[in-house]
Number of protein chains: 2
Amino acid sequence: MSHSQDMLRTNTAFLQFVEQLFEDKQAGNTIQLKSFAAGAHLIRQGSIISQVYIIREGITKCYIAEDNGKDYIFEFLGPGEITGELEAINKGACLSNITAITPVTVFAIPHDRFMALLRSYPEFNELLLKVLAARIYQTCIRTSYQQLYPVEYALLRLLALEASQQTFFSKKDMAAYLGISVRSFNRTLKDLREKNILDKKGLNIDLSKEQLEQMIKRFEEA
Amino acid sequence: MSHSQDMLRTNTAFLQFVEQLFEDKQAGNTIQLKSFAAGAHLIRQGSIISQVYIIREGITKCYIAEDNGKDYIFEFLGPGEITGELEAINKGACLSNITAITPVTVFAIPHDRFMALLRSYPEFNELLLKVLAARIYQTCIRTSYQQLYPVEYALLRLLALEASQQTFFSKKDMAAYLGISVRSFNRTLKDLREKNILDKKGLNIDLSKEQLEQMIKRFEEA
DNA sequence: AATTAAACGGGACATTTGTCTCACTCCCAG
DNA sequence: CTGGGAGTGAGACAAATGTCCCGTTTAATT
């Protein structure tokens with residue numbers, strides 16, 4: 001379930017469940033719809049929030065801004081993904097920023113209501129467990145290969161994911177996702193182009209799936 | 001709750017709960033005790049397991065071994081920490097290796113039993129939610145500063161944690177925890193010694209808490 | 001159409017990190 | 001006591017990455 005390596009995470013099952021709750025006059029009366037323009041903050045790191053958001057439409061990025069001015073993007077969240085749940089569970093200040101990349105609409109559920117839902121709908125509880133488990137899973141895998149493989153490799157994976165998902169992010173965001181500077185990002189792109197692995201022009205991987213897998217295998221052996 | 005930045009994670013509440021279950025003849029009859037010698041594998045990456053383990057005693061390390069021969073340690077798990085829960089929730093192969101650093105004893109609970117416990121004990125369910133949330137929280141924070149700050153800074157934090165917890169790991173493990181080579185680890189240690197931040201001899205931070213905080217602040221401003 | 005801000009691409013140089021290597025110590029099994 | 005293996009420490013060099021900078025392109029607004 002949702003174990004596939006995604007740069008942009010989505011969760012249809014979760015979205016459907018919340019959608020249904022929202023439709024239900026009884027259960028849904030504390031659930032609000034909210035909209036955010038592209039670039040707007042849904043959640044600000046360090047602030048206190050009293051609701052969880054489930055993304056109904058649009059794409060957001062979830063990142064920590066360090067004091068030295070650098071950002072690290074953990075994930076791009078799309079429809080069906082929840083944010084602010086850590087804060088609901090542990091009652092702390094917000095871990096990260098969430099900002100809208102495209103225009104976004106969300107379901108907003110107050111914390112106490114959210115916790116009550118978990119208790120009254122075991123199915124919902126289990127969906128959340130799966131979401132959290134999947135996040136840990138993904139984060140571990142990603143962190144590990146970003147630390148232990150050259151950037152070139154991580155970048156290739158990133159581009160492959162981007163291509164397969166038909167989504168496109170700014171270079172700045174992609175660099176922040178990889179935890180490197182934009183300069184390094186560009187440099188690596190150039191290297192890959194010179195090796196004829198990428199289009200001269202853009203970001204399209206100039207390889208078949210088989211070839212890409214071979215590339216990656218080669219990296220792993222080296 | 002357990003938000004403090006720990007290198008060695010422990011969880012008293014969780015341990016107590018499982019301990020009680022184990023004592024209870026009715027509920028505990030499917031819970032086994034298992035022991036592992038130092039260095040033994042509790043869980044092998046990629047394998048299939050059918051139980052979750054809750055550490056009763058001892059220290060383990062949780063790491064991914066990449067194909068290029070490098071390891072990345074996510075966390076050191078101590079008493080009360082659970083492992084194998086991701087696999088119970090998502091039914092996949094094991095994400096990571098767990099090996100015993102010291103002799104270890106664990107409670108072993110079969111997957112189906114574990115999932116049943118979550119349903120029948122809301123309190124247990126909530127404890128698990130908190131554990132998962134705390135892991136995400138910690139992982140995000142750590143990943144971010146390891147990517148965005150110089151190694152020197154991450155290393156200082158690591159040593160401070162080690163000192164405050166009175167735990168000591170091999171250099172190899174500490175390097176794997178930081179995602180760097182042992183060589184870099186040593187080099188950075190040497191630099192810190194030359195700057196009179198560390199003991200000439202060993203790994204003790206040669207600063208008061210206030211001084212250390214100042215150091216870290218200086219890093220953050222730079 | 002003109003203006004501005006942001007994104008992009010890359011040169012030059014400094015710094016950081018990895019790889020390879022060798023030497024030293026310690027401990028333990030033979 | 002002794003040889004081997006693991007852990008440790010560091011020199012020398014190569015490779016990767018960051019910083020600073022500037023010119024170009026693109027997109028949005030006036």
Side-chain angles (χ1 to χ4, degrees), chain A residues 37-39 61 66-73 99 101-103 144-156 158-159 162 168-195 198-204 219-222, chain B residues 37-39 61 66-73 99 101 144-156 158-159 162 168-195 198-204 219-222:
Chain A
K61 63 176 171 179
E66 297 286 355
D67 296 328
N68 61 5
K70 298 179 181 179
D71 293 346
Y72 183 72
I73 297 180
T99 61
I101 291 184
T102 66
S144 176
Y145 78 68
Q146 283 188 5
Q147 294 268 355
L148 302 184
Y149 284 103
V151 169
E152 209 168 54
Y153 173 70
L155 180 48
L156 263 188
L158 180 59
L159 292 178
E162 205 185 40
F168 298 95
F169 302 102
S170 74
K171 310 244 154 166
K172 199 175 142 202
D173 281 352
M174 286 195 278
Y177 183 77
L178 294 174
I180 61 178
S181 66
V182 177
R183 183 68 190 90
S184 295
F185 184 87
N186 275 324
R187 191 166 14 219
T188 309
L189 274 184
K190 200 185 156 206
D191 290 347
L192 289 173
R193 281 194 207 108
E194 278 163 10
K195 292 181 190 167
L198 287 188
D199 272 3
K200 268 176 299 173
K201 188 72 210 300
L203 303 178
N204 302 315
F219 268 113
E220 283 169 352
E221 280 157 10
Chain B
K61 63 176 172 179
E66 296 286 355
D67 296 328
N68 61 6
K70 298 178 179 179
D71 292 346
Y72 183 71
I73 296 180
T99 62
I101 291 183
S144 176
Y145 77 68
Q146 283 189 3
Q147 293 268 355
L148 302 184
Y149 283 103
V151 170
E152 209 168 55
Y153 173 70
L155 180 48
L156 262 188
L158 179 60
L159 292 178
E162 204 186 39
F168 299 95
F169 303 101
S170 74
K171 310 245 154 167
K172 200 174 141 203
D173 281 352
M174 286 196 278
Y177 183 77
L178 294 174
I180 59 178
S181 66
V182 177
R183 183 68 189 94
S184 295
F185 185 86
N186 276 323
R187 190 162 20 214
T188 309
L189 274 184
K190 199 186 158 206
D191 290 348
L192 289 174
R193 281 196 207 105
E194 278 164 10
K195 292 181 189 167
L198 288 189
D199 272 3
K200 267 175 298 172
K201 189 73 211 297
L203 303 178
N204 302 314
F219 269 114
E220 285 169 351
E221 280 157 10

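Letters go in sequence order (proteins before strands), and every chain restarts at 1.
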With respect to the phosphate group of [N], does any side-chain polar atom (N or O) of [X] fall under 4.0 Å of OP1 or OP2?
| X | N | answer |
| --- | --- | --- |
| B/N186 | D/dG9 | yes |
| B/K171 | D/dG9 | yes |
| B/S181 | C/dG18 | yes |
| B/K190 | D/dG11 | yes |

Per the atom types in the model, does the base of D/dG18 pair as donor or acceptor with the side chain of A/R187 at under 3.5 Å? yes

Go through the N and O atoms of the side chain of A/R183 and the base of C/dG11, and report whether any donor-acceptor pair is under 3.5 Å. yes

Given C/dC8, D/dG18, D/dT17, identify the nucleotide with an atom nearest to the side chain of A/K70. D/dG18

A/S170 side chain: which of C/dC8, D/dT17, C/dG10 is closest? C/dC8

Which atom pair, heavy atoms only, marks the closest approach of A/T188 to A/V151? OG1-CG1, 3.9 Å

Report which part of the nucleic acid B/V182 touches: base, sugar-phosphate, or nothing (heavy-atom distance under 4.0 Å, all strands).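 Touches nothing.
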
Side chain of A/N68, backbone of B/Y149: donor and acceptor closer than 3.5 Å?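 Not at all, since once roles are kept as given, no pair shorter than 3.5 Å links the two residues.
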
Whether the side chain of B/E162 engages the backbone of B/F169 through a donor-acceptor N/O pair (distance < 3.5 Å, no angle test) should be reported. yes

Using the closest heavy atom to pick a nucleotide of DNA chain C for each, name whichever of A/K172 or A/Q147 lands nearer the 5' end.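 Its nearest nucleotide lies further toward 5', so the answer is A/K172.
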
